[in-house]
Amino acid sequence: MTNKKIILTGDRPTGQLHIGHFVGSLQNRVKLQNSGDYEAYIMIADLQALTDNARDPEKIRHSLTQVALDYLAVGIDPAKSTILVQSQIPALSELTMFYLNLVTVSRLERNPTVKSEIKQKKFGQSVPAGFFTYPVSQAADITAFKATTVPVGEDQEPMLEQTREIVRSFNNIYGDVLVEPEGYFPEEGLGRIPGLDGNAKMSKSLGNAIYLADDADTIQKKVMSMYTDPTHVHVEDPGHVEGNTVFTYLDIFDDDKAKVAELKAEYEHGGLGDVKIKRYLNDVLQAVLTPIRERREHYAEDMAGVYKILQNGSEKANEVANQTLKEVRDAVGVNYFG
Ligand code: TRP
């Protein structure tokens with residue numbers, strides 16, 4: 001037994017990861033991984049991605065490799081963290097079957113994240129049952145590894161709440177087997193990055209994202225197209241910093257806080273043009289993203305090696321998840337034949 005805390009977290013492979021994922025969660029994972037205080041499992045949740053993409057499996061297959069590259073690019077290190085593929089861990093599906101009995105339909109209907117996703121995806125009356133119940137499968141993901149700590153964006157808190165409820169029910173009925181997890185969220189104000197167009201959410205479907213794989217030209221074009229302050233028409237006009245996406249990004253990405261404060265003052269006073277401030281932001285972003293992109297390109301040269309990393313990680317994850325499943329089966333009493 002180790003006293004290390006255990007991390008389990010993951011992403012749905014439905015596309016490339018962007019700088020919203022980076023500030024919302026990836027950065028924290030790398031920090032926790034490198035602290036040495038945790039045993040970390042990072043999961044590519046392909047089964048969860050299929051819950052609303054059942055008719056497009058090719059997208060999931062392709063995105064799996066993209067997400068794996070993004071992980072490696074930001075510094076998730078297979079020597080320190082176990083990277084696994086959800087569909088390759090059969091115990092997760094079996095755990096889900098046990099947990100589904102501990103959750104009511106009305107409780108699932110109240111999950112605010114699922115509720116808003118159902119609206120946003122325009123399912124109408126045709127919500128796939130797998131999608132509706134994915135918080136339960138996510139509880140299986142987390143508990144299979146006895147995770148204590150789940151580094152995710154704020155939108156995942158309802159999943160953690162539901163997981164804790166399932167853990168409590170299970171342990172109450174069958175005995176103490178499962179561990180209650182806690183979320184680990186980004187620092188106040190740093191976790192959510194708006195889209196390039198000023199929309200509160202950065203997402204692929206809104207077409208307002210900078211991807212970790214974007215090349216230098218693409219990043220520059222995107223930055224130059226960013227939403228700023230519509231009332232700031234002439235360079236000499238006083239501008240607004242509040243709600244100005246360029247400054248929001250600088251707050252998040254520029255470590256030189258004194259410089260940012262100076263630029264803000266100049267912008268508010270009037271005399272600092274949008275082009276100039278965007279060029280400055282471009283330099284800041286390029287400095288952050290260039291090493292990430294280069295590492296990504298390096299790993300992409302050896303995709304067989306990337307698959308090997310996923311396979312090894314999944315093998316290790318299977319050992320852990322199978323052990324938990326055995327404890328669960330024993331606790332429930334479905335161990336008839338010894
Ligand atoms: N629901 C998460 C997302 O959409 C992905 C995910 C699946 C996950 N299983 C998980 C996150 C377990 C944390 C823990 O990003």
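When a ligand or atom number is given, it counts from 1 through the structure's own listing order.
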When you pair each N or O of ligand 1 with protein N or O atoms, which pairs come out under 3.5 Å?
unit_1, atom_1, unit_2, atom_2, d
ligand 1, 1 (N), Q48, OE1, 2.7
ligand 1, 1 (N), Q138, OE1, 3.0
ligand 1, 1 (N), Q156, OE1, 3.0
ligand 1, 4 (O), R12, NE, 3.3
ligand 1, 9 (N), D141, OD2, 2.8

Contacts of type side chain to side chain contact (heavy atoms under 4.5 Å, CB included), residue S25, not counting sequence neighbours: R29
Distance flag, aromatic centroids of F123 and F131, threshold under 6.0 Å: yes
Partner residues of N335 under the side chain to side chain donor-acceptor pair (under 3.5 Å) criterion, sequence neighbours left out: D330
Partners passing side chain to side chain donor-acceptor pair (under 3.5 Å) against D141 (at least two apart in sequence or in another chain): Q86
Donor-acceptor pair between T113 and D155 side chains, under 3.5 angstrom: no
D229 and N244 side chains, donor-acceptor separation under 3.5 Å: no
